[in-house]
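Take a look at the structure below.
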Amino acid sequence: MTRLNENYLKVEKSYLFTDIEHKVHAFSEANPDAKIIRMGIGDVTRPLARPIVDGLKAASEEQAHVETFKGYGPEKGYAFLRDAIADKVYLSRGINITAEDIFISDGAKSDMGNFLDILAKGLDVLIADPVYPVYMDTNIMEGNRIHKLPCLAENDFLPQVPKDQKADLIYICSPNNPTGMTMTREALEDWVSYALEQDAIILFDAAYEAFIQDDSLPRSIYEIPGAEKVAVEVRSFSKFAGFTGLRCGYTVIPSGLMVRSEDGQNYPLADFWMRRQTTKYNGVPYVVQRAAEAAYTDEGYAACMENIRYYLDNAKALKEALETLGLKVYGAENAPYIWAETPADQTSWEYFDFLLNEAHLVVTPGSGFGACGEGYIRLSAFASHEDTKEAISRLNAIVKN
Ligand code: PLP
């Protein structure tokens with residue numbers, strides 16, 4: 001019989017959100033009248049901004065005409081979108097990333113996982129704990145050696161450069177899922193120096209960059225000198241422009257970033273990503289790329305930022321409500337996630353059960369993101385204002401009782 005990739009046996013069987021769903025399902029079967037508010041999963045709820053829908057519609061109409069119909073698109077993505085990204089995200093902010101360095105994809109999650117295809121197996125990989133589970137699981141699937149970086153209250157939940165640890169690949173997510181904390185410029189400088197010293201690659205996940213409000217915080221790793229030699233940046237339209245259903249993201253690989261073969265030869269990493277993508281992937285639909293382009297028009301960008309503001313208002317209100325409950329609360333200022341410490345005698349899952357039973361609120365147990373997440377819960381700010389308000393009044397009722 002055909003043999004399995006045994007690494008798949010080492011990945012946790014049940015996905016965190018499936019476990020949560022089972023619990024919520026059992027609760028709603030037992031309490032059919034309870035109105036459950038979901039603040040667990042990080043999916044957006046605001047509809048697409050009008051300029052994006054207009055872009056989508058216009059591109060769809062083009063498909064009905066022989067002159068404008070599109071088949072397979074260019075391998076890296078259409079130039080109109082790569083130019084818009086290079087211009088709006090990087091060049092206009094003084095960062096030397098060009099359209100040549102940008103590869104359009106169907107989202108950050110697939111790029112993060114697929115990226116491991118072009119690297120050697122058995123790498124030493126540094127991953128934060130708690131963490132977005134995709135980094136951990138994809139590295140287990142590849143059989144890499146994972147070294148966890150504990151992110152705790154005493155280090156502001158930011159991964160610290162290890163003292164005596166060899167590294168080939170380093171995952172950094174800022175603003176962070178799940179903790180909602182953001183890397184400072186100094187912290188990121190430390191990581192870039194370490195990566196240069198180790199000849200390692202940093203995989204920088206900037207899926208939540210649009211939520212950064214504090215101008216002193218870096219939005220791109222390429223704001224740090226030297227990063228263009230060691231960092232791959234992955235971005236997404238999912239949270240910035242509400243594309244969780246539409247699907248679009250991109251990966252930046254600067255032309256000066258090199259990898260080495262076993263015989264000591266250096267090669268540009270971007271060439272192998274190009275080879276991988278052209279062999280295994282046929283790109284994002286034209287209509288979706290036109291919709292993504294619309295997010296960078298003045299009107300489109302302003303509308304996306306309005307949605308970001310909407311979620312950040314929820315985050316602020318939830319943070320205050322949890323503080324009223326006497327909890328220590330982190331994140332929520334430059335990210336759509338609130339990371340709250342559970343009361344002293346309760347584990348993450350116990351407090352999850354408490355909030356589900358007493359307030360009919362679904363949160364995410366911090367322990368689901370790694371051992372260092374034990375004793376925390378994550379709330380997402382992606383619900384509607386109305387649901388957030390209702391959740392807060394239920395939390396206040398808990399305080400009163
Ligand atoms: N990176 C992080 C840190 C995320 O939290 C998520 C989604 O929740 C993603 C990437 C996935 O992004 P996409 O929808 O572009 O695949």
Side-chain angles (χ1 to χ4, degrees), residues 15-18 20 38-46 48 52 77 81 85 89 102-116 127-139 149 151 157-159 169-183 202-212 219-221 231-252 277 281 283-285 288-289 291-292 295 304 307-308 311 315 331-332 334-339 363-364 366 368-370 373 378-383:
Y15 192 55
L16 169 65
F17 292 102
T18 315
I20 293 175
R38 292 172 181 271
M39 305 204 136
I41 203 156
D43 197 1
V44 294
T45 54
R46 303 295 300 150
L48 292 172
I52 290 174
L81 181 55
I85 294 167
V89 177
I102 297 168
F103 297 76
I104 307 298
S105 74
D106 65 352
K109 189 186 199 174
S110 23
D111 279 2
M112 282 279 168
N114 294 337
F115 184 69
L116 294 174
I127 304 182
D129 176 1
V131 75
Y132 175 53
V134 172
Y135 314 153
M136 202 64 88
D137 290 351
T138 50
N139 276 282
L149 304 167
C151 295
F157 300 98
L158 299 181
L169 183 62
I170 302 155
Y171 284 78
I172 298 178
C173 175
S174 177
N176 191 265
N177 177 12
T179 67
M181 300 299 271
T182 306
M183 298 291 278
I202 296 176
L203 205 43
F204 187 75
D205 185 342
Y208 297 97
E209 161 277 337
F211 290 83
I212 295 178
R219 289 163 176 270
S220 163
I221 194 162
V232 171
E233 183 161 287
V234 180
R235 292 206 180 194
S236 169
F237 288 85
S238 285
K239 312 298 160 85
F240 153 55
F243 276 49
T244 53
L246 218 47
R247 309 303 308 146
C248 196
Y250 57 97
T251 284
V252 180
Q277 293 296 78
Y281 183 59
V284 180
V288 174
Q289 294 193 53
C304 290
N307 285 339
I308 298 285
Y311 297 130
N334 297 289
Y337 295 118
I338 301 107
W339 189 243
V363 300
T364 311
F369 297 103
R378 186 196 77 173
L379 274 81
S380 139
F382 287 118

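Indexing begins at 1, ligand by ligand and atom by atom, following the structure's order. From a predicted model like this one, the values you see are computed outputs, not experimental measurements. Excluded from the calculations below are hydrogen atoms, water molecules and symmetry mates; all remaining heavy atoms, backbone and side chain alike, are included.
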contact_flag [X] ligand 1 heavy-atom lt 4.0 Å:
| X | result |
| --- | --- |
| Cys173 | yes |
| Met112 | no |
| Asp205 | yes |

Near [X], which atoms of ligand 1 are under 4.0 Å from a heavy atom of that residue?
| X | answer |
| --- | --- |
| Asn177 | 3 (C), 4 (C), 5 (O) |
| Ser238 | 13 (P), 14 (O), 15 (O) |
| Ser236 | 12 (O), 13 (P), 15 (O) |
| Gly107 | 15 (O), 16 (O) |

Specify whether [X] and [Y] have parallel, tilted or perpendicular ring planes, treating 30° as the upper limit for parallel and 60° as the lower limit for perpendicular.
| X | Y | value |
| --- | --- | --- |
| Tyr311 | Phe382 | perpendicular |
| Phe17 | Phe369 | perpendicular |
| Phe240 | Phe237 | tilted |

Sort out for me which residue in Ile338, Leu379, Thr364 forms a side chain to side chain contact (heavy atoms under 4.5 Å, CB included) with Met39. Leu379
Using modelled atom types and a 3.5 Å cut-off, is there a donor and acceptor pairing between side-chain atoms of [X] and backbone atoms of [Y]?
| X | Y | value |
| --- | --- | --- |
| Gln289 | Gly77 | no |
| Arg247 | Asp106 | yes |
| Ser174 | Met183 | yes |

What is the nearest protein non-hydrogen atom to [atom], stated with its residue, atom name and distance?
| atom | answer |
| --- | --- |
| atom 9 (C) of ligand 1 | Tyr132 OH, 3.2 Å |
| atom 16 (O) of ligand 1 | Arg247 NH2, 2.8 Å |
| atom 7 (C) of ligand 1 | Lys239 NZ, 3.4 Å |

We want to know whether Asn139 and Tyr171 form a side-chain donor-acceptor pair, criterion being a heavy-atom distance below 3.5 angstrom. yes
Taking the minimum heavy-atom distance to atom 4 (C) of ligand 1, which of Tyr135, Tyr208, Phe237, Phe240 ranks first? Tyr208
Does Ala108 reach ligand 1 with a nitrogen or oxygen that is under 3.5 Å from one of the ligand's nitrogen or oxygen atoms? yes
